[in-house]
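Order of the sequence lines sets the chain letters (A, B, ...), proteins ahead of strands, with each chain counted from 1.
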Amino acid sequence: MHTGLESPTGVWWKPAHRTEKLWVAIAFGWCMVLFAMMPLWHWKGGQNPTGIRHRVTAEAFAQRTQEFIDTYQVGEEAGIPVVEPPAGSDIYLVGAMWSWRPVLRLRQGVQYTLHLSSVDVNHGFNLYPINVNFQVVPGYDYGLRVTPTAAGEFQIVCNEFCGIGHHLMVGKVIVLPAEQTAAVTGGAP
Amino acid sequence: MSDRFRLCPTTGLKVHAQADALIKANAVVATVALLIGGVTAVLVMLTRWQAIHLLPADWFYRLLTVHGMNMLIFFILFFEMAVLYFASAVLLNSRVAAPKMAWSAFVLMVAGTGLVEWTMFTGRADVLFTSYVPLRAHPAFYLGVILFAVGALVVVSIFFATLVVAKREKTYQGSVPLVTFGAATAAIIAVITLGHGAAIYIPTFLWSLNLMHVDAQVYRLVWWGLGHSSQQINVAAMVSVWYLLGGLTVGAVVLNEKISRSAFVLYVLFISMASAHHLLVDPGMGAAWKVWNTSYAMYLAVLASMVHGFTVPAGMELGQRLRGYTKGLFEWLRKAPWGDPGFSALVFSVIIFGFVGGITGVTFGTEQINIIAHNTLRIPGHFHATVVGGTALAFMGVTYYVIPLIFRKRIAFWPLARIQPYLFAGGMLVFSVAMTFAGTFGVPRRHWDISFQQAPFEVQYAPAVDLVIGVMAVGGLVAALGGGIYILVTVWSVFFGQPMEKGARA
């Protein structure tokens, strides 16, 4: 018997005590359970952070977002354009110091492909109040398939430090309820 | 001076004068960094507590940068340099290989630290600890980090060289002690970490001079090879300190060298890939990459911590039983030296690291759970449990032995020192748990104003958030008091303390 400060002499590669073996087996078994869970959850679960990924220049993404705004703009809030894109379309949200553009007006129960990117530094997409978070990296188009499941107003808080005006960076998503969706699309999503 | 040895009256170890001096120098700089990091911690926390909201926005982000760099880099790494000299030269009765180079490395690290502090305090580097490109700092900031890292790499090389010298000069019998073995794994991980550091900070330095382009996603990928792996140096060093403190406080025995050493090897093999869990909600990587690196690699590193989480307390129990505390199941624990700050710090470090830090860390490292945790207060809640409640507390505990054994001074204000780990651990536990709870409401980390007074759209967190942030602040203030006592006790003991007489620590 010796402490961890003393040099063991001779051969120290000896069989472990029963209790220690048991603990290592339990810990290893538990790690294997976790190991199996992650891929299983990925295949069987409904929410994964992996989307469609492309490289994109800041200019190209800004231009695409501007075209998107020009095509579907229906109003303006706090100086930021409000857009109402058709159901199931590709929608764009761009982070820039220190705002999210545009305000998105979506429909409940309809799937969209949300494209996120930044034109300057890293930003963080955090959807209030339901707490969904994604990293927004300049130079990358992060395409996520999203289906709003609840109607109402949601805010987008930037949660990656992006400079002195970081705390000013709040955007908005409006989700129209399903009944209204049925009226607009005639029941066909 | 370089060839002089003294005999430690308490442990019987031969201590090289250079090892003594290098440990002292590194420990002193570490404490200065801890002081800067601690004062900024309180200021930052009193700003996040919306009821006080102390600092203006620019100083909040500036001091948050200062806090991160001083705690996670300067305090911890200077302390670990001292641990490396202790685990090689002191524990092996050896001289320090290349002492002149060791002092040059120390000067390099201090110079790098000075450059970084200067850029941060003068507002030239408001980029936070992660300094994500293309957020831009003054080139001297990146240069300072590079100088510091080169110095640290030299110290790690001297550690390995000292192991070789000790082996050749036959200063010890058999294999190196477990504590030295653990420190060696920390040193190997340090090489991996500092390699990533060079791979990202050298291009970023050139980028800051407009000489090359650095991709934002590539930066995040390689930077986390530094940012997370450096925390694994802490883990390996902390576990080594657990074994060290166990031996010093209750004569804890090593149950089985094979099991404990294999667990340390698991850290070396798997921990770097686990950095991938920082990128789980990033656009740049695919699902297969994320799942493979965070499940396969991370869980085997977790296994290592699970093993140590058993062998460290079990070794302490056996050590106590060998000392005669054999009545019932828990006499060994009841009769443990709870008034020895080295012991209480060890116990709380194991508990907070394992149960709060470990469990939160493993869950956040899951692809889907990360969606609700990324960049919320849950993340700093997690790492204040691992790095502060775990590593820093263990390092504080071992200081109560470093002062009498290396500085050869009695510990001043002993009654304060005895309660210090209780205050620090209790405060940090409340702080981390409350911070994690606040994060479950989606409250962002690194944010000056979560009342969003000046934002274009209204965001109003649940009233419970105000409560948990208040609790967090109270816990943090108690922990800060514990940290303040630690600094008072150590500085006073070292500079104004009475010299050690044989066997009397307090």
Counting only non-hydrogen atoms closer than 4.5 Å, does A/E6 touch chain B with its backbone (N, CA, C, O), its side chain (CB onward), both, or neither? backbone
Mind ranking A/V121, A/I130, A/T9, A/N126 by heavy-atom pairs under 4.5 Å with chain B and telling me who comes out on top? A/V121
By a 4.5 Å heavy-atom criterion (distance strictly below it), what part of A/W23 contacts chain B: side chain, backbone, both, or neither? side chain
What option among A/H167, A/E153, A/E160, A/K14 has the most heavy-atom pairs under 4.5 Å with chain B? A/H167
With chain B as the partner, which of A/A27, A/A36, A/G10 has the greatest number of non-hydrogen pairs under 4.5 Å? A/A27
May I ask you to name which of A/Q47, A/H17, A/K21, A/M32 has the most heavy-atom pairs under 4.5 Å with chain B? A/Q47
Heavy-atom proximity to chain B below 4.5 Å, by part of A/E77: both
At what distance, to the nearest 0.5 angstrom, does NE2 of B/H308 lie from CG of B/L266? 8.0 Å
Leading residue by heavy atom contact count with chain A [cutoff under 4.5 Å; candidates B/F60, B/Y132, B/F310, B/Y172]: B/F310
Give, as side chain, backbone, both or neither, the part of A/Y128 having an atom under 4.5 angstrom from any heavy atom of chain B. side chain
Carboxylate-amine/guanidinium proximity below 4.0 Å for A/R107 and A/E84: yes
Please verify the inter-ring angle class for A/F68 with A/Y72; under 30° counts as parallel, over 60° as perpendicular, anything in between as tilted. perpendicular
Heavy-atom contact with chain B under 4.5 Å, split by part of A/I26: neither
Out of A/Q155, A/M37, A/H2, return the one with the most heavy atom pairs under 4.5 angstrom to chain B. A/H2
When only pairs under 4.5 Å are counted, which of A/I164, A/N159, A/T50 shares the most heavy-atom pairs with chain B? A/N159
Residues from residues 140-149 of chain A approaching chain B under 4.5 Å (heavy atoms): A/Y140, A/Y142
Under a 4.5 Å heavy-atom cutoff, which of B/R62, B/R261, B/E458, B/Q454 has the most pairs with chain A? B/R261
Out of B/D282, B/L178, B/V179, which one racks up the most heavy-atom pairs below 4.5 Å with chain A? B/D282
Please state whether the side chain, the backbone, both or neither of B/Y461 comes within less than 4.5 Å of a heavy atom of chain A. both
Top contributor to chain A interface from B/L128, B/L248, B/T440, B/D449 [non-hydrogen pairs under 4.5 Å]: B/L128
Between B/V291 and B/E367, is a side-chain contact (heavy atoms from CB on, under 4.5 Å) present by the stated rule, with each step listed? CA-CA 7 Å; B/V291 170; B/E367 200 192 5; 3.5 Å; yes
Determine the option with the most heavy-atom pairs under 4.5 angstrom with chain A, choosing from B/R445, B/Q453, B/H374, B/M306. B/H374
Between B/T311 and B/N256, is a side-chain contact (heavy atoms from CB on, under 4.5 Å) present by the stated rule, with each step listed? CA-CA 8 Å; B/T311 58; B/N256 186 295; over 6 Å; no
A/V157, part contacting chain B, at a heavy-atom distance under 4.5 Å: side chain
Under a 4.5 Å cutoff for heavy-atom pairs, which residue among B/T294, B/T130, B/L13 has the most contacts with chain A? B/T294
Contact part of A/W30 toward chain B, heavy-atom cut-off under 4.5 Å: side chain, backbone, both or neither? side chain
With a 4.5 angstrom heavy-atom cut-off, which part of A/V136 approaches chain B: side chain, backbone, both or neither? neither
Less than 6.0 Å separating the ring centroids of B/H278 and B/W223? no
